[in-house]
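This report concerns only the one structure given below.
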Amino acid sequence: MPSTSFLSTTIPYVNAYPHLGHALEYVQSDAYVRHMRRSGVDTFFVSGSDENSLKNVLAAERLGITTRELVDTNVQRFTHLLELLDVDLSYFIRTSVDPDHIDGATEFWRRMESAGDIYAKEYEGLYCVGCEQFYAESELVDGLCPEHHTRPELVREQNYFFRLSRYQDRILAAIENGELSIVPASRANEVISFVRSGLADISISRSRRRARDWGITVPGDPEQVMYVWIDALTNYTNALGWSRDDERFRRYWTEATRRVHVVGKGVIRFHAVYWPAMLMSAGLPIPTDIVVHGYITLSGQKISKSLGNVIDPTELVQQFGTDAVRYFLLADFSPFGDGDFSEERLISRYNGDLANGLGNLVSRVASMMNRYRGGVVPAAGPVGDPERELVDQLRSSSRAMAEAMERYDHREAAARVWDLVRRTNAYVDERAPWHLAKAAGENEESAALLDTTLHHLAGTIQQLATMIAPFLPGASERIAQAWGIDRGAADPTVAGDPAAAGLPDLTGRRIEKPPTLFPRIEV
RNA sequence: GGCGGUGUAGCUCAGUUGGCAGAGCAAGCGGCUCAUAAUCGCUGUGUCGCCGGUUCGAGUCCGGCCACCGCUACCA
């Protein structure tokens, strides 16, 4: 039986349009999942929408529609973006409508309660509606919320609290002994120092009145609803049907090799501290990996609606194409740090790597195969140093790519694949098949060498098609079609056992010339 | 204030245990014509943030400083 794993994106609030940051997280997660699946790991991939937020209520009020109408409409913008980006989800969970989520969040609460980790307490604090969180006096800037620059309101009510303090030592131990891996290491250090500084119990409910009657009811107390973050975090296990003991939960969570959450740097604490503590309380396995990405800036500025510099990823995909946007996000952006977006850079990457690099390589090889050998891959003739060098590069690129993806470094992985693209283009020029073809009439050596060259090129490109699949699923598929590869029958040795990757023998394979993969963008 | 990180070619970045500074892109020159005006080869440039120290030798180790960033604390 193949090993199994779980991977999730975070679930965004749907009070506004998706932006480029959402696209980044979607594409990163999808690339990781495609790599894992191709490596033979049966991976369950979850995304969804966080709908039980007061922000949604307030956004709906501003628009004069019901909260239900707002979330039902907006969630489609996110699912649409996921489709446009060719994100291969197993399940999309909606926290305000999915019965598995509502039942699951409720049951999760009961579990934590029976563990003795939930208690009621009178609470008074300064609450920012925008952040949906309480602030200490000292955290405010001139008495205003540091995020929203609004005055928080003084709220006094009885809430339920979660005994987070009880889990301090266990969480610290889990991080330090590697049971819970936080990537990159600098983020793990931040979490460690935060946990070491002492964990206070956290408020996990709101009065129904303050929540505007929107949210998941606290079991046994109809006057309280769950704090949105508490129900939201349980989406990951709820998506697997945990509360009704679905087989999927056992297979993809309890018995999974890896349980991975891909998150933005702003929500580390929820995922690396609160959520593991909740799982410990409920007696469930904690995540194995928290992968933390940065934010996308535009000309160095944080993207925000007030600055008016929001980039609509939907428009970007419509303008440049799914693969172009995916490749740009994965090959040009650091997986962990912030990155700066510009259209010039996207076009430069596209023309350089995709059109002139990979696209032109496939085009010239397919063209020569058809021109010189009637579109049928010949058996290899004698093999020399250029061939050995090419196959060495194939092996090392394959191995380096897989290693980088295991570290969640998609940028490094793409760079190593493009080492092979460059080497292959150079190999074409070294052998110069057009010269061999001219001489082939008079001497058999040239004809045999031409066979060798075309044979090696066909095999290399087939492997390239497999290697690029996590980044460029569309192009991968189009090459596969032109190369007559069975769908889903990609050579598993390339990713599953990279060191063993070699040249497949495609002798006799019919190769078509595919339509231009990546037309140049003329500026 | 504390802890941590970053600072390397015009741009984006790589540089294991200290041993002559690297890649890609951009730029210049040359080659080729299979290919998407593509591709291949060659070429240059660096006070490795600054100052000092250890060492035969420091981008790398140590101390100090500057700039930017992250987490966190405190005072108002």
Starting at atom CD of A:Glu190, determine the distance to atom C1' of B:G2, rounded to an integer number of angstrom.
14 Å

Considering only the C1' atoms, how many Å lie between B:G7 and B:U47, rounded to the nearest integer?
15 Å

Flag this pair as yes if the NZ/CZ of A:Lys55 is under 6.0 angstrom from the six-membered ring centre of A:Tyr13 and inside a 45 degree cone about the axis; otherwise no.
no

Result for side-chain hydrogen bond (donor to acceptor under 3.5 Å, both in side chains) between A:Tyr427 and one of A:Glu387, A:Arg422, A:Glu389 points to A:Glu387

Expressed as a whole number of angstroms, how long is the span from A:Arg416:CZ to B:G15:P?
11 Å

Write down the distance between CD (A:Glu430) and C1' (B:C34), rounded to a whole number of angstrom.
15 Å

Measuring from the side chain of A:Phe518 (C-beta onward, heavy atoms only), which nucleotide among B:C34, B:U33, B:U36 has the closest atom?
B:U36

Does the distance from a Lys or Arg side-chain N to an Asp or Glu carboxylate O, for A:Arg345 and A:Asp340, drop under 4.0 Å?
no

B:C29 pairs with, by Watson-Crick or G-U criteria that keep both distances under 3.5 Å:
B:G41

In whole Å, what separates the C1' atom of B:G53 from that of B:U12?
34 Å

Pairing nucleotide - B:A14, Watson-Crick or G-U, each distance under 3.5 Å
none

Look at all strands and tell whether A:Arg422 reaches a base, only sugar-phosphate, or nothing, counting heavy atoms closer than 4.0 Å.
sugar-phosphate

Measure from the side chain of A:Arg520, starting at C-beta and using heavy atoms only, and say which of B:C34, B:U36, B:G70 lies closest.
B:U36

Give one of base, sugar-phosphate or nothing for A:Ser197, where a contact means two heavy atoms less than 4.0 Å apart.
nothing

Figure out the CE/C1' separation between A:Met368 and B:C40, and round it to whole Å.
12 Å

Under 3.5 Å for both donor-acceptor distances, Watson-Crick or wobble: does B:C71 have a partner, and if so which one?
B:G2

Please check the phosphate of B:C3 (OP1 and OP2 only) for any side-chain N or O of A:Asn189 closer than 4.0 Å.
no

For B:C20, which nucleotide is its Watson-Crick or G-U wobble mate, given both distances must be under 3.5 Å?
none

Taking only the P atom of each, what is the distance from B:G31 to B:C48 in whole angstrom?
37 Å

Using a strict cut-off of less than 4.0 Å between a Lys/Arg side-chain nitrogen and an Asp/Glu carboxylate oxygen, indicate whether A:Asp201 and A:Arg166 qualify as a salt bridge.
no

Over how many whole Å does the gap from A:Arg431 atom CZ to B:C40 atom P extend?
17 Å

Base-pairing assignment for B:G7 (Watson-Crick or G-U wobble, both under 3.5 Å):
B:C66

Closest of B:U36, B:G24, B:U12 to the A:Arg345 side chain is B:U12

Can you check the distance between B:G15 and B:U55, where both ends of the measurement are the P atom (answer in whole Å)?
29 Å

Just by distance, no angles: are the side chains of A:Asp117 and A:Ser281 close enough, under 3.5 Å, to form a donor-acceptor pair?
yes

The side chain of A:Ser348 lies closest to which of these nucleotides: B:C34, B:U39, B:C25?
B:C25

Please classify the nucleic acid contact of A:Leu517 as base, sugar-phosphate, or nothing, using heavy-atom distances under 4.0 Å.
base

For the C1' atoms, the ones on B:A26 and on B:G18, what distance do you get once it is rounded to whole angstrom?
33 Å

A:Gln393 CD to B:A23 P, in whole Å, measures 15 Å

How close or far is atom P of B:G24 from atom CD of A:Glu412, stated in whole angstroms?
14 Å

Would you mind telling me which of B:G70, B:U12, B:U39 lies closest to the side-chain atoms of A:Arg411?
B:U12

Heavy-atom pair with the smallest gap, counting every atom of A:Ala272 and A:Ile171
O-CG2, 4.0 Å

Looking at every strand, decide which applies to A:Ser186 at a 4.0 Å heavy-atom threshold: base, sugar-phosphate, or nothing.
nothing

Give the ring-plane orientation class for A:Tyr236 versus A:His271, where under 30° counts as parallel, over 60° as perpendicular and anything between as tilted.
tilted

Partner nucleotide, any strand, of B:C61 [Watson-Crick/G-U, under 3.5 Å]:
B:G53

In whole angstrom, give the distance that lies between atom CG of A:Asp332 and atom P of B:C25.
13 Å

Which residue lies more 5' along RNA chain B, comparing A:Arg187 with A:Lys438 via nearest heavy atoms:
A:Lys438

Does CD belonging to A:Glu444 count more than 12 external heavy atoms closer than 6.0 Å?
no

With the side chain defined as heavy atoms from C-beta on, A:Ala426 is closest, among B:G31, B:G41, B:U36, to B:G41

Separation of the P atoms in B:A67 and B:A73, to the nearest angstrom
24 Å

Determine the Euclidean distance between corresponding C1' atoms of B:G44 and B:G10; express it in Å to zero decimal places.
13 Å

Can you check the distance between B:G19 and B:A58, where both ends of the measurement are the P atom (answer in whole Å)?
11 Å

RNA chain B: 5'-proximal contact among A:Trp434 and A:Lys265 (nearest heavy atom)
A:Trp434

Under 4.0 Å between a side-chain N or O of A:His435 and OP1 or OP2 of B:U33?
yes

